[in-house]
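See structure below.
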Amino acid sequence: MPELPEVETVRIGLAEHLLHRPIAAVAVSHSRAIRRHAAGKLDFQRRLIGANFQNVKRRGKFLWLSIADQALMIHLGMSGQCLVVSPSAARHRHERIRIEFTDGHNALSFVDQRTFGGAHLDELAVDKFNQLVPKSVHHIGLDPFDPDFDLTGAAKQLRTRRIEVKRALLDQAAVSGIGNIYADEALWLAKVHPRRTADSLSIKSAQNLLQAAAEVMQQALRQGGTSFDELYVNVNGESGYFSRCLNAYGQAGRPCPRCSRPIKRERFTNRYSHLCPHCQRAPQR
DNA sequence: CAACCGCCCTGGGTGC
DNA sequence: TGCACCCAGGGCGGTT
């Protein structure tokens with residue numbers, strides 16, 4: 001599943017291939033992929049054709065390619081992929097958008113089986129962090145890879161929430177980029193139970209938790225991200241290797257690498273948490 | 001306003 | 001072989 005390390009891997013790949021090349025053609029083969037572009041398909045195509053991508057940036061799981069005062073925003077959702085493909089290669093079965101360039105070289109193919117992801121054009125504007133970013137990321141917090149990320153400030157903000165700490169990690173407000181995999185991994189590493197309320201954490205353990213999230217995502221990035229199947233790959237279609245390093249996520253029944261007691265999987269808001277009930281003490285009911 | 005719920009979507013897997 | 005159902009789950013609109 002694409003979370004911060006996977007999206008960052010994709011960002012680096014796009015930066016290597018797609019910048020400063022005039023766009024020749026934009027094909028949209030599934031309208032749901034551009035549902036967030038309110039002005040519709042023709043407007044989407046008209047704004048892109050002839051433009052150049054100047055840079056590729058990211059905040060949390062949102063990715064964008066800048067073109068003058070606008071940006072092509074991309075969110076991978078659950079199963080989105082940005083593939084750099086030869087224009088002559090066969091179209092992927094789940095290709096939703098294709099962007100081709102006037103030089104006739106590598107094209108961008110946005111592939112998305114489950115269509116939770118998509119792209120739209122958005123205006124760039126200065127946000128509360130004094131960064132020039134698309135308006136559609138103004139509501140989320142900085143991620144731990146951002147040079148301006150303030151771990152102490154984020155920990156304080158986390159502690160204002162009267163909800164379970166895992167929910168607070170997942171909702172992108174205090175910190176962005178964390179999804180179910182890295183939430184479970186960070187909570188395991190910091191020995192915090194996912195159902196503890198965020199406001200029950202000491203300032204020190206909240207900081208420790210965010211530090212753990214940053215570390216685990218940094219490690220995952222070094223491995224090229226987490227791949228379980230063909231649904232997450234880099235721009236060249238290659239898998240990442242971090243799934244071999246997971247301590248809790250997807251490890252139900254296996255021994256906890258710290259204490260050897262079995263990792264447990266339990267229901268958590270329409271999905272699952274993976275944790276060590278011994279290392280991560282449950283809150284009092 | 002914070003918190004919470006349900007919906008969006010597909011293909012692979014499982015149980016009957 | 002076929003059908004119903006489950007599962008992956010981020011983001012967001014609507015409701016409490």
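So that the names make sense, note that chain A is the first sequence line, chain B the second, and so on, each numbered from 1.
Nucleic acid contact class of A:R36 (heavy atoms, under 4.0 Å, all strands): sugar-phosphate only.
Toward the 5' end of DNA chain B, the nearer of the two residues A:R93 and A:D171, judged by each one's closest nucleotide, is A:D171. Both A:R162 and A:N270 sit near DNA chain B, but only A:R162 has its closest nucleotide nearer the 5' end.
When distances are taken from the side chain of A:N180 to each of C:dC7, C:dG10, B:dC4, the shortest belongs to C:dG10.
Note on A:R267: every side-chain N or O is 4.0 Å or more away from OP1 and OP2 of C:dC6. Checking the phosphate oxygens (OP1, OP2) of C:dC12, a side-chain nitrogen or oxygen of A:H139 falls inside 4.0 Å. In terms of phosphate contacts, A:Y249 brings no side-chain nitrogen or oxygen within less than 4.0 Å of OP1 or OP2 of C:dA8. Contact between the side-chain N/O atoms of A:Q172 and the OP1/OP2 oxygens of C:dG10 is not found at any separation under 4.0 Å. Of the side-chain N and O atoms in A:Y272, one or more sit less than 4.0 angstrom from OP1 or OP2 of C:dC7. Note on A:H94: a side-chain N or O is less than 4.0 Å away from OP1 or OP2 of B:dG11. For the OP1/OP2 pair of C:dG10 and a distance below 4.0 Å, the side-chain nitrogens and oxygens of A:H75 include no atom meeting the criterion. OP1 and OP2 of C:dG10 both lie 4.0 Å or more from every side-chain N or O belonging to A:R114.
Cation-pi check for A:R21 over A:F101 is met; the charged atom lies under 6.0 angstrom from the ring centroid and within 45 degrees of its normal.
One N or O on the side chain of A:Q54 and one on the backbone of A:A68 form a donor-acceptor pair closer than 3.5 Å.
The aromatic ring of A:F116 sits over the base of C:dG9, with ring centres less than 5.5 Å apart and planes tilted by under 30°.
Counting non-hydrogen atoms of other residues, nucleotides and ligands closer than 6.0 Å to NZ of A:K128 gives a total above 12.
In plain terms, the two heavy atoms of A:P134 and A:A71 that are nearest each other are CG-CB, 4.0 Å.
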